[in-house]
Amino acid sequence: KLNNVQTQNVGVLSANGTVNSRFKSTFDGVIWNAKPFRDGSVLVNEGYFTKLTNKGEYDESFWFPHGHYPFHGYWIERFDITSDDKIVVAAKGGVGRFNSDGSYDESFAGGTVDNWWDTNTTDVDVQDDGKVLYAGYFSQFYQNSGIPDFEGFYPNSLLRLTANGEYDHSFYVGDGP
């Protein structure tokens with residue numbers, strides 16, 4: 001139930017807090033997180049993506065290429081949606097961007113992260129200017145070229161990418177305590 005209205009795992013609230021009665025989902029998976037698109041459709045993360053229409057039905061036109069570079073079969077851990085409905089995805093293997101239909105966005109550089117013991121994503125956030133904050137347990141970031149994109153330093157578990165996915169050298173949090 002959502003605000004005393006029966007729903008099945010996914011419900012949509014309007015800005016005033018009332019339940020959108022048009023959205024009647026039959027989704028029955030385990031939801032890690034979900035976010036809306038501008039048209040009222042909802043992207044659901046259950047380790048991989050399912051897109052629901054603005055009425056709650058499965059969007060059969062959406063196809064997300066599981067295992068696409070830089071994710072190599074890792075579960076999707078976090079994601080955010082840009083103001084133009086692109087999907088910024090962060091997983092154990094790195095960060096990339098996809099179009100609202102699930103196709104890979106080749107215009108976004110993105111990259112992979114690494115650490116000698118383990119790499120996990122704790123959050124990804126698209127800022128109002130389109131830049132991407134990416135946080136997790138990692139110490140190295142490789143632009144899609146596979147070569148470390150630094151000049152003598154590695155990000156300390158937090159980095160920022162420009163709106164086109166390039167490593168933002170103007171953002172550096174330091175080495176920490």
Side-chain angles (χ1 to χ4, degrees), residues 1-105 108 110-115 118-128 130-138 141 157-161 163 165:
K1 283 190 166 188
L2 183 62
N3 285 358
N4 292 321
V5 175
Q6 187 62 42
T7 62
Q8 183 165 336
N9 291 348
V10 181
V12 174
L13 295 175
S14 61
N16 67 6
T18 60
V19 176
N20 178 348
S21 59
R22 290 182 353 154
F23 190 89
K24 299 192 184 301
S25 175
T26 59
F27 181 81
D28 62 359
V30 175
I31 299 170
W32 295 3
N33 50 9
K35 296 200 181 213
F37 287 101
R38 290 180 298 167
D39 67 358
S41 59
V42 176
L43 190 62
V44 176
N45 177 15
E46 49 186 327
Y48 55 91
F49 286 133
T50 299
K51 187 177 180 183
L52 304 174
T53 68
N54 60 5
K55 294 181 181 176
E57 302 160 347
Y58 286 94
D59 184 346
E60 301 296 331
S61 69
F62 181 81
W63 183 81
F64 184 79
H66 304 289
H68 193 285
Y69 181 84
F71 309 108
H72 308 293
Y74 291 119
W75 294 106
I76 302 301
E77 293 177 331
R78 299 283 188 261
F79 75 98
D80 203 0
I81 297 177
T82 65
S83 62
D84 60 349
D85 283 342
K86 296 204 179 209
I87 307 160
V88 177
V89 176
K92 189 171 185 170
V95 61
R97 188 170 67 189
F98 295 81
N99 298 305
S100 62
D101 65 357
S103 62
Y104 189 67
D105 182 358
F108 188 80
T112 59
V113 292
D114 193 17
N115 198 333
D118 198 6
T119 56
N120 287 306
T121 298
T122 55
D123 208 357
V124 63
D125 182 65
V126 178
Q127 299 178 302
D128 291 340
K131 292 180 180 178
V132 176
L133 288 173
Y134 180 43
Y137 301 105
F138 56 85
F141 177 77
S157 298
L158 178 65
L159 62 85
R160 185 170 67 186
L161 303 176

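- Screening Ile87, Asp84, Asp105 for a side chain to side chain contact (heavy atoms under 4.5 Å, CB included) with Asn99, the sole residue that qualifies is Asp105.
- Closest heavy-atom contact between Val10 and Ser25: O-CB, 4.0 Å.
- By the side-chain contact (heavy atoms from CB on, under 4.5 Å) test, Thr18 is found to be paired with Ser14, Asn16, residues two or more places apart in sequence or in another chain being considered.
- Across every non-hydrogen atom of Phe37 and Ser100, the tightest pair is CE2-CB, 3.9 Å.
- At least one side-chain heavy atom of Thr26 sits less than 4.5 Å from a side-chain heavy atom of Tyr58.
- With sequence neighbours left out, Lys35 forms a side-chain contact (heavy atoms from CB on, under 4.5 Å) with Phe79, Asp80, Ile81.
- Applying the side-chain hydrogen bond (donor to acceptor under 3.5 Å, both in side chains) test to Asp101 and every residue at least two apart in sequence or in another chain returns Ser103.
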Side-chain donor-acceptor distances from residues 39-47 under 3.5 Å, at least two apart:
{"residue": "Asp39", "atom": "OD1", "partner": "Ser41", "partner atom": "N", "Å": "2.8"}
{"residue": "Asp39", "atom": "OD1", "partner": "Ser41", "partner atom": "OG", "Å": "2.6"}
{"residue": "Asn45", "atom": "OD1", "partner": "Gly47", "partner atom": "N", "Å": "2.8"}
{"residue": "Asn45", "atom": "ND2", "partner": "Asn33", "partner atom": "OD1", "Å": "2.9"}
{"residue": "Asn45", "atom": "ND2", "partner": "Ile76", "partner atom": "O", "Å": "3.3"}
{"residue": "Glu46", "atom": "OE2", "partner": "Thr50", "partner atom": "OG1", "Å": "2.8"}

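- Going from atom CZ of Phe23 over to atom CD of Glu57 covers 9.5 Å, rounded to the nearest 0.5 Å.
- For Asp85, the salt bridge (charged side-chain N to carboxylate O under 4.0 Å, His left out) partners at least two apart in sequence or on another chain are Arg38.
- With respect to Phe98, the ring pair (Phe, Tyr, Trp, His ring centres under 6.0 Å) criterion is satisfied by exactly one of Phe108, Trp63, Phe49, Tyr104: Tyr104.
- With values rounded to the nearest 0.5 angstrom, Lys131 atom NZ is found 4.5 Å from Arg160 atom CZ.
- In terms of the salt bridge (charged side-chain N to carboxylate O under 4.0 Å, His left out) criterion, residue partners of Asp59 (sequence neighbours excluded) are, by chain and number, Lys51.
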Mind running side-chain contact (heavy atoms from CB on, under 4.5 Å) on Tyr134 and Leu158 for me, showing each step along the way? CA-CA 6 Å; Tyr134 180 43; Leu158 178 65; over 6 Å; no
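- Contact of the Asp123 side chain with the Leu133 side chain is not registered, since no non-hydrogen atoms from C-beta on lie closer than 4.5 Å.
- At least one side-chain heavy atom of Leu13 sits less than 4.5 Å from a side-chain heavy atom of Val19.
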